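Let me begin by presenting the structure, written as C-alpha cells, before commenting on it.
In the text below, chain A, chain B and the rest are named by the order of the sequence lines, each starting its count at 1. Predicted model only: the values in this text are computed from it and were never measured.
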Number of protein chains: 2
Amino acid sequence: MSHMRYSCLMAVDRDHVLRTAAALLTRKSTATMDEVAKAAGISRATLHRHFAGRDALVRALESLGIAECEAALDAARPDEGAARDAVHRLVREIEPAAALLAFLYTENQLFEGEEQNAGWARIDDRIAALFRRGQQSGEFRIDLTPAWLTEALYGLLASGAWAVSEGRVARNDFTHMIVELLLGGALRQPEQPREES
Amino acid sequence: MSHMRYSCLMAVDRDHVLRTAAALLTRKSTATMDEVAKAAGISRATLHRHFAGRDALVRALESLGIAECEAALDAARPDEGAARDAVHRLVREIEPAAALLAFLYTENQLFEGEEQNAGWARIDDRIAALFRRGQQSGEFRIDLTPAWLTEALYGLLASGAWAVSEGRVARNDFTHMIVELLLGGALRQPEQPREES
DNA sequence: CGCATGTGAGACATTCATGTCTCACCGCGG
DNA sequence: CCGCGGTGAGACATGAATGTCTCACATGCG
C-alpha cells in the first residue's frame, strides 16, 4: 500500500474510502464498520468522522452508484443510433460499476416499503426509455415490457459481477456475455432469414 | 390468530414454518428470529426448538431450496426433447421456488470462502448440462458458456421474483418473460421460435 | 383422572455491532 | 516555539439479536 503523500491537513480521501467500501460490501454485504475501515486503511474513528454511521455510508454508496449510472447513461448516448448499439454502449460504460450496482440492487430489496432514492427512479426511466425506443423502432420485440427488460438488465449485471468475482466467467467477457444474452438470447439464430427443415 | 386444529402431539408443521420463513426472508433478508416466528404463527421458543439457531434455519432453507430445484429438474425432464423446450419446462417448474432461490442466491454471495452446500454444485451441473446439450445439438449458440447461461438463469429468476413481488411485472408473465429473454433475447428476430404448448 | 408431550410467554445472560468519548501523536503554519 | 487540525488507538455505554432457561397451560393417551 502507498503511504506516500500523507498530509496532515489532507482529509482522508473520501472517494477512496467509498470505493474500497463498495468493493468489500459487494463481496460481504454484512461487513462491519470495523472491517470497512480496515479495508480502507483508516481507523474506525476516522471512518465514523466522515460517515455518521452505517446508514450514512450505505446512502453515500447509493449516491455514488447513482452518479456512476447517470454518468454511464450520459456516456452511452442512449438516444443516438440503433437501440441495440446504445444498449451495448451502456453495458460497456456501466461495467466498472457493476459490482457496486449488484450490492445496491440486493440491498434495496430489503428496504421494503421505505422510500427509495428518487435517483433510481430516474435511472430506471432512462433505461426503460431506451428499451421503449428500441421497441418503437422495430428493433426490439414488444412482448417483453421495458420495465422487465430494465429489471433483467440489473439482474444480469449482478449475476455477471458475481460470476466474474468468483472466477466462473472471465472478466473480459463481461460485456459481451451480458449484451449478447440480453439482446440475442441463448438460441442460435440465423442472421439472415433462411429456411431449414 | 388461528387456534384451530391444534394437536398436542402434532409437532409444528416444519414445512409450513420453512415456507413462511422463506416468504418473509425473501422480502426482508435481515428479518429477526422473532419476526420469523411471528410470521409462522409460533413463538420464538418453539422456533428455536426446531431450528437450533438462525444458521440452522438458513441451512434448512437451503436444503429446501435444493430439494425444490432437484424436484423441478426431475419434473422438467431436461434430457428429453428439444433443449429449449426443456428450459421452458424447467423455468415453469422452478417458478414456485423462485423467491426462495432469489433469497438463497444473494445469501450465498456472503458466504465468501466458506464451503457451500454440495447440492448446489450438482444442480449447477445439471442445468449447465442442459445448456451444453442445447449447444451440442445446435440449438444454442456456443459463444455463451453453459456456466454463464446457468448464472444468468439464476439472475433472471431472482430479478423476476423481485419484480413480481414488487408489482413491476405480472405474476402470470413470470415464466414467459424469463424464458423468452433467456432464449430469444430482446431483439426482434425474423423467425421467432415457437413455444411448446 | 393423571401423566407425558409440545407449546407460549417471558426472564435472563451473552455476544456483537454500533455510536460516543477521551487521549496521544504528528505535521504544518503562525 | 506552540497551537491547531486531522488522525489512530482504545475505552465505554448502548441497543439489538441471540441462545438458554424456567414455568404455566393445553391436549391426547393410558
Side-chain angles (χ1 to χ4, degrees), chain A residues 1-62 103 106-107 109-112 114, chain B residues 1-62 103 106-107 109-112 114:
Chain A
M1 294 307 113
S2 57
H3 325 187
M4 53 186 180
R5 310 210 316 105
Y6 253 164
S7 171
C8 168
L9 289 183
M10 189 173 186
V12 163
D13 186 354
R14 179 188 166 97
D15 192 71
H16 169 254
V17 174
L18 277 179
R19 296 194 180 277
T20 308
L24 174 61
L25 289 174
T26 293
R27 294 193 308 269
K28 189 174 190 290
S29 62
T30 61
T32 301
M33 291 292 276
D34 202 64
E35 299 177 87
V36 173
K38 279 188 177 55
I42 63 177
S43 71
R44 195 165 68 96
T46 303
L47 175 61
H48 201 271
R49 282 187 192 101
H50 288 270
F51 304 96
R54 190 191 180 75
D55 289 348
L57 177 63
V58 172
R59 264 184 283 120
L61 283 174
E62 194 171 23
F103 164 68
T106 58
E107 193 79 359
Q109 301 306 327
L110 52 83
F111 278 178
E112 272 202 271
E114 303 178 20
Chain B
M1 335 225 225
S2 59
H3 317 201
M4 54 185 181
R5 307 213 317 109
Y6 254 163
S7 172
C8 168
L9 286 185
M10 190 172 185
V12 162
D13 187 353
R14 180 188 166 97
D15 192 71
H16 169 253
V17 173
L18 278 178
R19 296 193 181 277
T20 308
L24 174 60
L25 289 174
T26 293
R27 297 193 306 270
K28 188 173 190 293
S29 62
T30 61
T32 301
M33 290 292 276
D34 203 63
E35 299 178 87
V36 173
K38 278 187 177 54
I42 62 177
S43 72
R44 195 168 68 95
T46 302
L47 175 61
H48 201 272
R49 283 187 191 104
H50 288 271
F51 304 97
R54 191 191 180 75
D55 289 348
L57 177 62
V58 172
R59 263 184 285 119
L61 282 174
E62 193 170 25
F103 164 68
T106 57
E107 192 79 359
Q109 304 304 328
L110 52 83
F111 279 178
E112 272 203 272
E114 305 179 19

Starting at atom [atom1] of [X], determine the distance to atom [atom2] of [N], rounded to an integer number of angstrom.
X	N	atom1	atom2	result
I42(B)	dC25(D)	CD1	P	22 Å
R14(A)	dG6(D)	CZ	P	15 Å
L47(A)	dG19(C)	CG	P	10 Å

Item to check | Side-chain N,O (H50(B)) to OP1/OP2 (dT7(C)) below 4.0 Å | outcome: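 Indeed, a polar side-chain atom of H50(B) lies that close.
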Checklist entry - Are OP1 or OP2 of dT7(C) and a side-chain N or O of T46(B) less than 4.0 angstrom apart? => result no
Next on the checklist: On a heavy-atom basis, which atom in M33(B) and which in L47(B) lie closest, and how many Å separate them?
Outcome noted: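 In this case the closest contact between M33(B) and L47(B) is O-CD2, 3.3 Å.
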Checklist entry - Shortest non-hydrogen contact from L61(A) to F103(A)? => result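 Here L61(A) and F103(A) meet closest at CD1-CE2, 3.9 Å.
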Next on the checklist: Let me check the geometry of the helix from dC1(C)-dG30(D) to dG30(C)-dC1(D). What is the bend angle between the axes at its two ends, five pairs each, to 10°?
Outcome noted: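 Roughly 10°, once rounded to the nearest ten degrees.
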Protein N or O to nucleotides 18-23 of chain D N or O, pairs below 3.5 Å:
residue : atom : partner : partner atom : Å
dT18(D) : OP1  : R54(B)  : NH1          : 3.3
dT18(D) : OP2  : M33(B)  : N            : 2.9
dG19(D) : OP2  : R54(B)  : N            : 3.4
dG19(D) : N7   : R44(B)  : NH1          : 3.1
dG19(D) : O6   : R44(B)  : NH2          : 2.9

Item to check | CG on D34(B) to NE2 on H48(B), rounded to 0.5 Å | outcome: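 Between H48(B) NE2 and D34(B) CG, I get 12.0 Å after rounding to 0.5 Å.
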Item to check | Interatomic distance, H50(A) atom NE2 to R14(A) atom CZ [nearest 0.5 angstrom] | outcome: 9.0 Å
Checklist entry - By side-chain contact (heavy atoms from CB on, under 4.5 Å), which residues pair with A45(B), not counting sequence neighbours? => result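 A45(B) satisfies side-chain contact (heavy atoms from CB on, under 4.5 Å) with S43(B), R49(B) only.
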Item to check | Test side-chain contact (heavy atoms from CB on, under 4.5 Å) applied to L18(A) and L57(A), step by step | outcome: CA-CA 8 Å; L18(A) 277 179; L57(A) 177 63; 4.0 Å; yes
Item to check | For R19(B), all residues meeting side chain to side chain donor-acceptor pair (under 3.5 Å), sequence neighbours excluded | outcome: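 So R19(B) forms a side chain to side chain donor-acceptor pair (under 3.5 Å) with D15(B), E68(B).
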Item to check | Close side-chain approach of E35(A) and K28(A), heavy atoms under 4.5 Å | outcome: yes
